[in-house]
Amino acid sequence: MKDKKTPVIVITSNKGGVGKTILTLNIAGIYEKLNKKVLILDFDFSGGGIALNLNLNPKKNIYNIYEDLITNKFTDYRNYVTKYSDNIEIVASLKDIRQIHKIEEFSKVVESIINIFKQNYDVVLIDTQHGLNKTNIVSLDSATVILYVITNCLMDLKNTKSFMQVLDDVSYLSKTKIVLNNSVLPELDYFSNYDIKNLIKRNIDYTISSNLHIKNINKYITEGKIFTLNKNLVFKDKKDLTKLTKLAEDLIK
Ligand SMILES: Nc1ncnc2c1ncn2[C@@H]1O[C@H](COP(=O)(O)OP(=O)(O)OP(=O)(O)O)[C@@H](O)[C@H]1O
Ligand SMILES: [Mg+2]
């Protein structure tokens with residue numbers, strides 16, 4: 001049995017499409033290389049992004065866990081995970097998005113799910129749907145680190161201020177790390193980090209370089225590959241990938 005202090009990293013944002021899912025997978029890839037056993041919980045019920053990005057076809061998903069937990073039929077956690085690589089396993093989101101209506105009480109089992117899985121892994125990563133839904137709120141409670149992802153987009157930055165206020169109200173700012181992701185839309189560079197800090201009234205903890213923008217990202221998604229696990233991918237500046245590795249390492253310290 002693993003140490004109960006397993007890091008639980010919740011990757012979240014107030015805006016969609018900021019790169020949460022790709023970042024979650026890349027961080028998992030880094031842990032894989034560090035020989036850490038990683039579980040990714042896909043708590044984004046809008047589309048099953050993790051399994052789709054990894055080209056997996058899970059037999060069971062988060063719906064089965066919910067159903068079995070509330071009917072006392074849950075037994076072995078291994079029945080619900082899908083293996084991706086030596087060290088990466090996932091719990092997939094809903095296969096059929098209509099099931100969302102059947103898991104309206106999901107937030108009530110979030111803490112139990114996290115507690116069950118964290119016993120058995122070195123790191124738990126939770127990918128979320130953007131915004132503050134009930135599931136996200138209880139996931140944030142259980143997080144050891146909240147990774148809040150932003151882009152260099154004015155609406156996103158304006159939203160961030162109010163999200164930070166919420167985190168401050170519940171005293172979660174100290175476990176929040178802000179990641180400015182410049183790899184999604186590298187052309188969005190009209191605000192400097194200084195301007196952004198002034199807009200959101202918070203420091204940026206990590207910046208993902210626009211050099212980590214992968215032009216043929218769709219090829220990776222089609223083939224179910226994680227780019228931090230690809231030895232052949234060469235970036236302009238090695239430092240940018242080193243910084244991402246440092247980010248991942250910091251989160252589990
Ligand atoms: N490093 C990258 N290089 C190139 N494109 C990227 C990169 N990261 C993300 N993208 C692009 O941004 C899109 C959105 O990324 P992703 O799905 O990770 O965001 P998200 O925040 O999880 O979105 P959602 O809120 O819809 O779940 C990807 O489909 C991809 O096209
Ligand atoms: Mg996503």
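Sequential numbering from 1 along the given sequence is applied to the chain's residues.
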Engineer: Side chains of Ile62 and Val91: closer than 4.5 Å at any heavy-atom pair?
Structural biologist: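 When only atoms from C-beta onward are counted, Val91 and Ile62 do touch, with a gap below 4.5 Å.
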Engineer: Restricting to pairs with a member in residues 145-167, which pass salt bridge (Lys or Arg N to Asp or Glu O under 4.0 Å), not counting sequence neighbours?
Structural biologist: none
Engineer: For Asn87 and Tyr31, indicate whether the former's side chain and the latter's backbone hold a donor-acceptor pair under 3.5 Å.
Structural biologist: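 No: the side chain of Asn87 does not pair with the backbone of Tyr31.
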Engineer: Check the pair Asn181 / Ile150 against side-chain contact (heavy atoms from CB on, under 4.5 Å), numbers first and verdict last.
Structural biologist: CA-CA 6 Å; Asn181 189 358; Ile150 58 172; over 6 Å; no
Engineer: Will you find, in the side chains of Thr21 and Asp127, an N or O donor that is under 3.5 Å from an N or O acceptor?
Structural biologist: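 A pair is found: one side chain offers a donor N or O, the other an acceptor, under 3.5 Å apart.
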Engineer: How long is the straight-line distance from OG1 of Thr82 back to CD1 of Ile40, given to the nearest 0.5 Å?
Structural biologist: 11.0 Å
Engineer: Within the distance-only criterion (no hydrogens, no angle test), does the side chain of Ser183 pair as donor or acceptor with the backbone N or O of Ser210 below 3.5 angstrom?
Structural biologist: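 Side chain of Ser183 to backbone of Ser210, a donor-acceptor pair under 3.5 Å: no, none is there.
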Engineer: When you check the side-chain N and O atoms of Gln119 and Asn115, is any donor under 3.5 Å from an acceptor?
Structural biologist: no
Engineer: Yes or no on side-chain contact (heavy atoms from CB on, under 4.5 Å) for Leu229 and Lys33, after CA distance, side-chain angles and deciding distance?
Structural biologist: CA-CA 8 Å; Leu229 284 177; Lys33 288 194 284 188; 3.8 Å; yes
Engineer: Sequence neighbours left out, what pairs pass ring-ring contact (aromatic ring centres under 6.0 Å, His included) with at least one residue falling in residues 134-163?
Structural biologist: Tyr148-Phe163
Engineer: Do the side-chain N and O atoms of Asp237 and Asn211 include a donor-acceptor pair separated by under 3.5 angstrom?
Structural biologist: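 Checked: Asp237/Asn211 side chains show no N/O donor-acceptor pair below 3.5 Å.
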Engineer: Got a sec, which pairs hit salt bridge (Lys or Arg N to Asp or Glu O under 4.0 Å) with one end in residues 100-112, sequence neighbours left out?
Structural biologist: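 Output for this query lists Glu105-Lys108.
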Engineer: Side-chain heavy atoms nearer than 4.5 Å, only ILVMFWY residues, links allowed to pass through others: does that put Val138 and Val170 together?
Structural biologist: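 Yes, Val138 and Val170 fall within the same hydrophobic cluster.
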Engineer: State, yes or no, whether a side-chain contact exists between Val124 and Ile9 at a heavy-atom distance under 4.5 Å.
Structural biologist: no
Engineer: Please examine the side chains of Lys20 and Thr128, heavy atoms only from C-beta on, and report whether any two atoms are closer than 4.5 Å.
Structural biologist: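 Side chain of Thr128 against side chain of Lys20, heavy atoms only: contact under 4.5 Å found.
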Engineer: According to side-chain hydrogen bond (donor to acceptor under 3.5 Å, both in side chains), who are the partners of Tyr220, at least two apart in sequence or on a separate chain?
Structural biologist: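 Tyr220: side-chain hydrogen bond (donor to acceptor under 3.5 Å, both in side chains) contacts with Asn230.
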Engineer: Mind checking whether Ile196 and Leu157 have side chains closer than 4.5 Å, heavy atoms only?
Structural biologist: yes
Engineer: Using the side chain to side chain donor-acceptor pair (under 3.5 Å) rule, take Tyr84 and Glu32 through it: C-alpha gap first, then chi angles, then the decisive distance, then the call.
Structural biologist: CA-CA 11 Å; Tyr84 173 72; Glu32 156 91 52; over 6 Å; no
Engineer: Okay, side chain of Asp42, backbone of Ile50: is any donor-acceptor separation there less than 3.5 Å?
Structural biologist: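 Flag set: sc Asp42 to bb Ile50 pair under 3.5 Å.
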Engineer: Side-chain contact test, heavy atoms from C-beta onward, threshold under 4.5 Å: evaluate it for Tyr206 versus Asp250 and give yes or no.
Structural biologist: yes
Engineer: Ile22 and Ile221: side-chain contact (heavy atoms from CB on, under 4.5 Å), yes or no, with the steps?
Structural biologist: CA-CA 9 Å; Ile22 302 279; Ile221 297 172; 4.2 Å; yes
Engineer: So, the side chain of Ser13 versus the backbone of Lys15: is there a donor-acceptor pair under 3.5 Å, distance only?
Structural biologist: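 At least one qualifying donor-acceptor pair exists.
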Engineer: Does NZ or CZ of Lys37 fall inside the cone over Tyr121's six-membered ring, less than 6.0 Å from its centre and within 45° of the axis?
Structural biologist: yes
Engineer: Rounded to the nearest 0.5 Å, what's the gap from CD1 on Ile114 to OG1 on Thr6? Could you check?
Structural biologist: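 Result: 12.0 Å between the selected atoms.
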Engineer: Do Met164 and Leu173 have side-chain heavy atoms sitting under 4.5 Å apart?
Structural biologist: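 In short, these two side chains touch, coming nearer than 4.5 Å.
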Engineer: Would a 4.5 Å heavy-atom cut-off, applied to side chains only, mark Leu39 and Asn120 as touching?
Structural biologist: no
Engineer: Just wondering, do Val81 and Phe117 contact through their side chains at under 4.5 Å, heavy atoms?
Structural biologist: yes
Engineer: Mind checking side-chain contact (heavy atoms from CB on, under 4.5 Å) for Thr242 and listing every partner two or more places apart, or none if nothing turns up?
Structural biologist: none
Engineer: Is Lys197 close enough and on-axis enough to Tyr194, meaning under 6.0 Å and within 45°, for cation-pi?
Structural biologist: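 No cation-pi geometry.
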Engineer: In chain order, what residues pass the side-chain contact (heavy atoms from CB on, under 4.5 Å) check against Val109, with sequence neighbours excluded?
Structural biologist: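 Per chain and number, Val109 pairs via side-chain contact (heavy atoms from CB on, under 4.5 Å) with Tyr66, Leu69, Ile70, Phe106, Ile113.
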Engineer: Is the side chain of Asn133 donor-acceptor paired with the backbone N or O of Asn136 at a distance under 3.5 Å, no angle test?
Structural biologist: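 Indeed, once roles are kept as given, a pair shorter than 3.5 Å links the two residues.
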Engineer: Could you go through the side-chain contact (heavy atoms from CB on, under 4.5 Å) check for Ile137 and Leu140 one step at a time?
Structural biologist: CA-CA 5 Å; Ile137 292 168; Leu140 296 180; 5.5 Å; no
